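Below is one structure, written out as C-alpha cells; comments come after it.
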Amino acid sequence: MSTARRKPYPFDIFEPKWQQHWDRQQTFHAPNPGELGFDSAKSKYYVLDMFPYPSGAGLHVGHPEGYTATDILGRYKRMRGCNVLHPMGWDAFGLPAEQYAIKTGQHPAVTTAQNVAHFKGQLQRLGFGYDWQREVNTTDPGYFRWTQWIFLQLYNSYYDPELKKAQPIALLEDALSLDPQRKAEWSENVYLLGTHSAYAGMDEEHRASLRENLLQYARLAYVSEAPVNWCSELGTVLANEEVIDGKSEVGGHPVERRPMRQWMLRITSYAQRLIDELDGLDWPEGIKLLQKNWIGRSEGAEVEFKTAEGSERIIVFTTRPDTLYGATYMVLAPEHALVEKIVTEEQWPAVREYRDKTARKSDLDRTDLAKDKTGVWTGAFAVNPVNGERIPIWIADYVLTGYGTGAIMAVPAHDERDWEFAKKFALPIREVVSSSPRLSVGLAGGGGSGVCNSEPLECFVGEGFAVNSGPLDGFSSEDAKAEITRLLTEQRLGFQTVNYKLRDWLFSRQRYWGEPFPIVWENGQHRALDASELPLRPPELADFKPTGTGEPPLAKATDWLRYSDKATRETNTMPQWAGSCWYYLRYCDAQNAARFVGTDAERYWMGGGQPGGVDLYVGGTEHAVLHLLYARFWHKVLFDLGHVSTPEPFQRLVNQGLILGEDGQKMSKSRGNVVNPDDVIVEYGADALRGYLMFMGPLEATKPWSMSGVEGIARFLARVWRLVMAEQQDGSWALGAVSAEAEPDKAQLRVIHASIKKVTADIEALSFNTALSQLMIFTNAFVNTTPRPLSAVRTLLTLLNPFAPHLTEELWQNLAARFGDAGELADAVWPAWDERLLIDDEIEIALQVNGKVRDKIVVLKDATREAVEAQARSSAKIAEWTAGKEIKKVIVVPGKLVNIVVA
RNA sequence: GGCGGCGUGGUGAAAUGGCAGACACAGCGGACUUAAAAUCCGCUGGGCUUAACCGCCCGUGCGGGUUCGAGUCCCGCCGCCGCUACCA
C-alpha cells in the first residue's frame, strides 16, 4: 500500500525533463533581423501577455489562463512557419513592493528579486515557450534608463493643434522667437494647447504666469500646481484612475484633494486621436466603449457670463446652449478661484463654512449625499448674456472643479440636478424646451421674448422645441443649438467647443520605488538631464519610508540630491504605469544598449503586417482604461516623433475572463477558495492544468474552478498516453501497439481530417475549449483500435502539442525511437486537411413537416435537390404526416434537411 | 441612475438562422478484481404512452414579432454579473 497517489502517466518525470531541454536548447528563442538563424522568408507573429507584477503571493490561476492561451497561439504559429515573438517580463516598480519592503524591513530591490525568481520558477513549471533572452524587468537600470529617455521625449515635445501631432519643443521655440505675431497669438490662446477649459477657469494671476512660461507649459510633460488626490496613509498623490470611491485603489485608504506641485503628462491633447484611432483595432467592443466613455467627449459651447458689477467673467461649459434662456442661476464649484472675488461680506461666513465642509468631505461622501443637494448663495449676481437678467451665483458641491470650467449655468427646467437644487432652494424654474412645437404663450412686449412665468410641473431633459427663448422660439433643439452658438460667436460671448472628461495624467509620486525623473531644478526652473546622463539611478537609501509631509523620500538623500552648486534633482518618482507603457517595444530588442529599441527590430516585429503592432495581446479587463490608454498615448507620441513605425501598439486585444473559486465566488484568501497552480501541477501535472484552463469554457467568460474538471482533463491526457504507451509488468511504460503499416479506416480518416480542420479554425478563433473537445473525439475514435496507425497518432500529437507540449513531445520522442523521425515535435509542421475526406458518400438528413423532425433518411452526398426531395416524399412517415394535406412548399437544404410545408 | 455582458440539463458548456444539449464533470448500471482503486462498456433534459420496442407532447429567463424554420434576428419586460457614477 503506497501512500503516494499513483500517477496515471509519469508527468512528474518528463515535464521537468522537457522544460530543461527547451531552456538548454533555447528552442523558443526568436532571432532578430540580422541575427544568426533569422529567416526573413517567414512572416512574423508577435503574441503578448500582460506582464505580471511579481507580488509576494506568487502566481494565481488567473495568470496561467491567459498565458496558456498565448502559448498555444505561439506554438501553433511556430508550427505554421512563423517567426514567433513570445516574451515575458516583470512590472516590478510600484507601491506594493515598497510597502512589503517597509513591512519586512528589507530593501525593495531584494524582495523584488526574490519575487521575480519565484514567479519565473512557477512560469517555467508550466512549460511556456517564452524567449527568455528577451526578459525585461522595469526596475533594471538598463530598462528604466529608456523609460527616463522616453520621458525626455515627452518633456522636449509639444502638441501642435494644427498638425494634430507632437513636435520637438525646439520648433515652437524657434517659431515663437522668430514671429512675435505668432507668439502673441499663442499667448492669448493658451487653450490651443488643449487646455482651453482649464485656462478659462483660472484666475488672472495664474493665466499671466502661464503666458510668461508658455514654452514650459506647452511641453507634453509639464509642472502644474493643480489640486491632486493626496493619500496621507500611502504618503503619495494618486492618478484619478487610482482612486476608487474616494479611496486609494491600493489599500483602500482615504484620499483628499490638495493643491501640490506635480508633474503632468498632457494626454488630453491626444483625447480625440485616442478615440478616433480605436476604430481600426480588433478589440472587444466593450473595451473600446469603456475607453471612449472614459475619455468622455462631449460637444457643446462655452459661454461667457459677467458678474452684475461687470468686473469678472464666468465661463461655463454646456452641452445645451439652446437652453440658455432658461438659466435662472449659476453655480461655481466651491473651490473655484472666482469665489473669493465675488462673495459678499454678509455671505462670507456661510461660504467659508460650506467650503471647509466640502474640503473635508471625501469624494465618497460627496457621492453618497448625491440625493440631497447642498449649496450656499455667494451674495453675488451674474448677468445672463442673452436676456440681461440678473441671476444669483451659488456655490455647490454638485459642480466639480475637475470637469468643464468648474462653473455652470443652471437650467432647472431641463436638468435633473439643477431641478432638484432649484426645488430645494426655491429658485425660479423656467421652461425653455417643449416636447412639441408650439408658440410662446408669454407676453410679446417691448421686442423682448415672451416669458411664461408659470413653472413646469416636471423636469424635461429631452430635446424638443425652443420656447420662451426670444429669437430661438420654435427652433428644434438641434437648430437652436446651432443658432445660439452662431449668435454668441458673433457677439464674442461664446463659441462651439468640445469638452473631455479625461484629465491630464498626474505623473509624479512621492515614493522611493520608482523611476527618478531625469530633471534638475535651478533658480526655480526645471530642465532636462542629457540623455548621456541616463540611467539616473535612485539613491541608496536606508530609510525609504514616505515622509508623510508630501516631501518625497528621495529628498532625504542629500548627496544624490545635489546636482551642482546651483542645481538640485527632482525628488518625485514616476508612477508604476510608466514602465508598462512601452515594455512591448523593449521586448523587440531587449538587449539593445544604444537605443530603446533598434529600428530594424521595431520595424520587423511591430510593423510587418498590414495594420501593424502586436498581433495578439491577452490580459485582464481591469486594464481597460489605465495601462491600455497610457500605453496608446506614449506610443502615439513616439510615433509622432518618428521613433516607432505604427500609430497603435496593439492590433488585436482579447480579455481573458475571471476564474472564480469552486464556490462560484471571487477567489480570495479570506474565503479560502484560492487555487494555487503549484499544487495542481504537483497533483496532475502542468499539461493537465493547461488543458483544464483551456477546456473549462470560453477564454473570455467568467467561470468557476472545478477540481473534478481538472481530473477529467488528466484522464483524457492519460488516455492519449496509453494510446501510445503500454504499462509493463514492473509498472514501467514502454511503447505500445502502434504500427507504421496500420491504416485508419474510412470513418477514422474522416475524424482525423475533421479534427485538423476544426482544431486549426478553433485555435485561430481562440476557441480552445471546442478544439480540445474535438481532440477528445479524435482520441476516442482510436482507443479501441489495435494496432494504432502511426500516422494518425502523429497527427493527434501534433494537434495536441500546443495544449499539452510535454506529454506530446515525450510520446513523439518515444515514437521516433522506434520508427525513426527527424527532429522534435515543437519544430514539426502543422498538418493540413483534405476537404474531400471530410464528407462521407452518404449523409443522414432530417425530414421535417412544418419545421418538426418526422423522419431521417440517408442520401448520397451529391444527390440533386430533386432526388433528395423525391426520396423525402417517398418516406412512409412523411406520407403519414402529410396525408390529406396540401403541400404548399418544399424546402431542401443540401446536406442538412428537407422541410415540407403543408396547409 | 448610466454603460456593457450574460440567462441553455444536476454542473462546466456545444450549436455559419437548419435535427438543441457536442465534449466533459457528477450520477446510475455493467465488465474486470478476493476487494478497492484505476481502466473499459452502457444509460443519463422533463413528461405521457407501452409488457417491450415503437410512438407522441413539452423544453434554451418571460411576453410578442420576423421566417418554411429562431437558443441564434427584431421589439418589450424580468433576473444575475461587471464597470462607472452629480461629467453640466
Side-chain angles (χ1 to χ4, degrees), chain A residues 1 5-6 8 244-245 284-290 292-294 296-298 300 316-320 323 331 333 363 366-367 369-371 373 396-400 402-411 414-418 420-421 461 499-502 621-622 624-625 655 657-658 660 664 666 692 695-698 700-713 715-716 718-719 722 727 767 769-777 779-780 783-784 844-856 877 888-902:
Chain A
M1 221 187 244
R5 210 169 152 283
R6 196 161 146 26
I244 292 163
D245 287 342
E285 283 306 314
I287 299 297
K288 288 191 189 181
L289 209 62
L290 226 48
K292 282 183 194 167
N293 291 344
W294 187 265
R297 178 193 160 97
S298 55
V316 302
F317 172 76
T318 175
T319 54
R320 294 296 301 270
T323 63
V331 185
D363 282 356
R366 279 171 81 148
T367 313
L369 296 170
K371 280 164 218 119
K373 294 273 181 295
D397 64 4
Y398 83 91
V399 174
L400 310 170
Y403 185 77
T405 63
I408 61 157
M409 63 174 205
V411 185
H414 305 290
D415 181 283
E416 306 235 17
R417 295 150 300 172
D418 298 345
E420 280 173 41
F421 192 81
V461 297
N499 191 53
Y500 298 94
K501 220 159 77 178
L502 186 70
T621 182
E622 69 272 17
V625 287
N655 293 119
L658 200 64
L660 304 173
K666 218 172 199 166
Y692 174 64
F695 187 64
M696 59 195 301
E700 290 166 74
T702 305
K703 43 211 180 280
W705 182 265
S706 155
M707 264 317 172
S708 47
V710 184
E711 273 178 57
I713 284 289
R715 269 205 287 272
F716 159 63
R719 211 150 56 231
R722 290 193 310 267
E727 192 165 17
S767 180
N769 54 333
T770 52
L772 275 168
S773 72
Q774 186 62 40
L775 289 168
M776 291 173 181
I777 292 169
T779 306
N780 293 345
V783 282
N784 289 323
E844 190 189 58
I845 64 165
L847 300 186
Q848 300 181 331
V849 176
N850 285 352
K852 293 198 182 214
V853 180
R854 295 304 178 187
D855 198 7
K856 289 177 185 181
K877 292 225 184 76
K888 300 182 83 169
K889 207 176 188 182
V890 178
I891 287 140
V892 181
V893 184
K896 295 273 184 189
L897 52 74
V898 176
N899 189 13
I900 297 168
V901 186
V902 296

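Just so it is clear, the structure is predicted and the values come from calculations on it, not from any experiment. Within every chain, numbering begins at 1; the chains are lettered A, B, ... in the order of the sequence lines, protein sequences first and strands thereafter.
In summary, A/Arg417 and A/Glu420 do not engage in a salt bridge, as defined by a charged side-chain N under 4.0 Å from a carboxylate O.
Under 3.5 Å, the side chain of A/Lys856 and the base of B/C19 form at least one donor-acceptor pair of N or O atoms. In terms of polar N and O atoms assigned as donor or acceptor, the side chain of A/Lys896 never comes within less than 3.5 Å of the base of B/C19 in a complementary pairing.
B/G42 is paired with B/C28 under the Watson-Crick or G-U wobble criterion, all donor-acceptor distances under 3.5 Å. The base-pairing partner of B/A15, taking Watson-Crick or G-U wobble contacts with both distances under 3.5 Å, does not exist among the strands shown. Judged by Watson-Crick or G-U wobble contacts below 3.5 Å, the nucleotide B/A88 has no partner. B/C48 is paired with B/G55 under the Watson-Crick or G-U wobble criterion, all donor-acceptor distances under 3.5 Å. Within the shown strands, nothing qualifies as a pairing partner of B/G21 under the Watson-Crick or G-U definition with both distances less than 3.5 Å. In a base pair of the Watson-Crick type (N1 to N3 plus N6-O4 or O6-N4) or a G-U wobble (N1-O2 and O6-N3), with each distance short of 3.5 Å, B/A36 is matched with no nucleotide. Base pairing of B/G79 is made with B/C6, judged by Watson-Crick or G-U wobble geometry with both donor-acceptor distances under 3.5 Å.
If you check every strand for non-hydrogen atoms under 4.0 Å, A/Gly296 touches nothing. The residue A/Ser706 sits apart from the nucleic acid: no heavy atom pair falls under 4.0 Å. Residue contacts for A/Glu622: at a heavy-atom cut-off of 4.0 Å it reaches no nucleic acid atom on any strand shown. Using a 4.0 Å heavy-atom criterion, one finds that A/Ile891 contacts the bases of the nucleic acid, with or without backbone contacts as well. In this structure, A/Asn899 reaches the bases: a heavy-atom distance under 4.0 Å links it to at least one base atom across the strands shown. Residue contacts shown for A/Lys877 are limited to sugar-phosphate atoms, with no base heavy atom under 4.0 Å away.
Separating the P atom of B/C53 from that of B/G12 is a span of 31 Å, rounded to the nearest Å. To the nearest whole angstrom, the two P atoms, one in B/G45 and one in B/C23, are 13 Å apart.
The aromatic rings of A/Phe421 and A/Tyr398 are tilted relative to each other, their planes meeting at an angle between 30° and 60°.
Distances from the side chain of A/Val399 to the nucleotides B/A88, B/C40, B/C87 place B/A88 closest. Listed nucleotides: B/C23, B/C40, B/C19. Nearest to the side chain of A/Ala846: B/C19.
Counting heavy atoms from C-beta on, the side chains of A/Val461 and A/Arg320 never come closer than 4.5 Å.
The line from CZ of A/Phe695 to OG1 of A/Thr770 is 9.5 Å long, rounded to the nearest 0.5 Å.
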